[in-house]
Amino acid sequence: RDLHSFPTRRSSDLLDQIGAKASKAVASDADRIRAEMALSQRQFAEAAKLAQALDTSFDSELVRGRALLASGQHSGADALAHAAELAAKSGNPRWIAEAQLAQAESRRPDAYAEVETEHAWSAARFFAQAGNLEGAWRSWLATQSPDGLQKASDAFAQLQQKWDPDSYAGYTRRPDIQFDRAQLQKLSGRTNR
């Protein structure tokens with residue numbers, strides 16, 4: 001489930017090979033992965049379309065919420081809330097952190113901003129302790145605080161040292177990562193003035 005390099009064409013070809021003979025569970029996983037790939041390519045309408053048909057498992061609800069919100073559909077907040085409920089009920093710390101990160105990344109300029117910032121910090125602490133630099137840098141970015149932005153920059157720089165050159169290059173070519181890095185530079189520029 002590690003999406004850091006997502007070589008889109010090859011992954012799509014592999015998913016297409018699954019075919020109609022796959023079990024319902026395997027087909028559902030393939031559909032979720034297709035939606036995640038569309039999100040990584042910032043193809044929000046396609047991701048939302050794919051996500052609508054997903055089941056209500058934690059992973060599917062997380063993808064559905066992110067896809068719907070990214071495509072401008074407010075019902076995505078309900079899916080993220082359901083994912084957070086599923087995570088809390090499971091007690092799975094990774095699920096909880098992933099739900100917190102998704103909620104933080106969906107930051108809205110309203111009364112929830114403080115809660116979303118707390119979610120971002122909580123997710124960042126979990127991912128950093130788990131050694132997941134990819135989750136940590138995105139969580140620290142979601143805090144939008146000067147300290148968080150510096151930690152995001154540092155963690156992103158560490159990815160290049162930790163990953164092999166091909167994985168890192170594939171990751172940095174992803175449209176969602178290019179967008180997030182541009183946001184990091186923009187927000188860091190504001191805090192360094």
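Worth knowing before you read on, the calculation uses all heavy atoms, side chains too, and leaves out hydrogens, waters and symmetry mates.
- For the atom pair CG of Asp59 and CD of Glu36, the computed distance is 7.0 Å after rounding to the nearest 0.5 Å.
- The same ILVMFWY cluster, assembled from side-chain heavy atoms under 4.5 Å apart, contains both Tyr168 and Leu141.
- When all heavy atoms of Gly131 and Lys162 are compared, the closest pair comes out as O-NZ, 3.0 Å.
- Across Pro175 and Arg42, no two heavy atoms sit closer than the pair O-CD, 3.5 Å.
- Residues Ala51 and Arg64 share a closest heavy-atom pair of O-NH1, 2.5 Å.
- Between Phe58 and Trp95, the ring-plane angle classifies as parallel under the 30° and 60° cut-offs.
- Judged purely by distance below 3.5 Å, without hydrogens or angles, the side chains of Gln150 and Asp154 pair a donor atom with an acceptor atom.
- Nearest heavy atoms, Phe44 versus Ser71: O-CB, 3.7 Å.
- One finds the CZ atom of Arg174 at 9.0 Å from the CG atom of Asp180 (value rounded to the nearest 0.5 Å).
- Using a 4.5 Å cut-off on side-chain heavy atoms (C-beta onward), Arg181 and Trp137 make contact.
- Asp55 and Ser57 share a donor-acceptor pair across their side chains, judged by distance under 3.5 Å alone.
- Residues Leu39 and Asp176 are not in side-chain contact: their nearest non-hydrogen atoms beyond the backbone lie 4.5 Å or more apart.
- Using a 4.5 Å cut-off on side-chain heavy atoms (C-beta onward), Glu98 and Phe127 make contact.
- In this structure, NZ in Lys151 is found 12.0 Å from OG in Ser139, a value given to the nearest 0.5 Å.
- Here CG of Leu184 is found 11.0 Å from CD1 of Ile177. Values are rounded to the nearest 0.5 Å.
- Placement of Leu68 and Leu50 in two distinct hydrophobic clusters is found when ILVMFWY residues are connected by side-chain heavy-atom separations under 4.5 Å, directly or transitively.
- Both Leu69 and Leu62 sit in one connected hydrophobic cluster of ILVMFWY residues. Membership requires side-chain heavy atoms under 4.5 Å apart, directly or through other members.
- Expressed to the nearest 0.5 Å, how far OG of Ser90 lies from CD of Glu85 amounts to 12.0 Å.
- Of the possible polar contacts, one joining the Ser153 side chain to the Leu149 backbone as a donor-acceptor pair under 3.5 Å is found.
- For Ser40 (side chain) and Met37 (main-chain N/O), a donor-acceptor pair under 3.5 Å exists by modelled atom type.
- Ile96 and Phe126 sit in two unconnected hydrophobic clusters of ILVMFWY residues. Membership requires side-chain heavy atoms under 4.5 Å apart, directly or through other members.
- Minimum heavy-atom separation, Arg66 to Leu80: N-CD2, 4.0 Å.
- Here the shortest heavy-atom pairing between Ala136 and Ala128 reads CB-N, 4.0 Å.
- The NE2 atom of His119 sits 11.0 Å away from the CG atom of Leu101 when rounded to the nearest 0.5 Å.
- With no hydrogens or angles considered, a side-chain donor-acceptor pair links Ser167 and Asp164 at under 3.5 Å.
- Grouping the Ile, Leu, Val, Met, Phe, Trp and Tyr side chains by contacts below 4.5 angstrom, directly or via other members, places Leu159 apart from Trp140.
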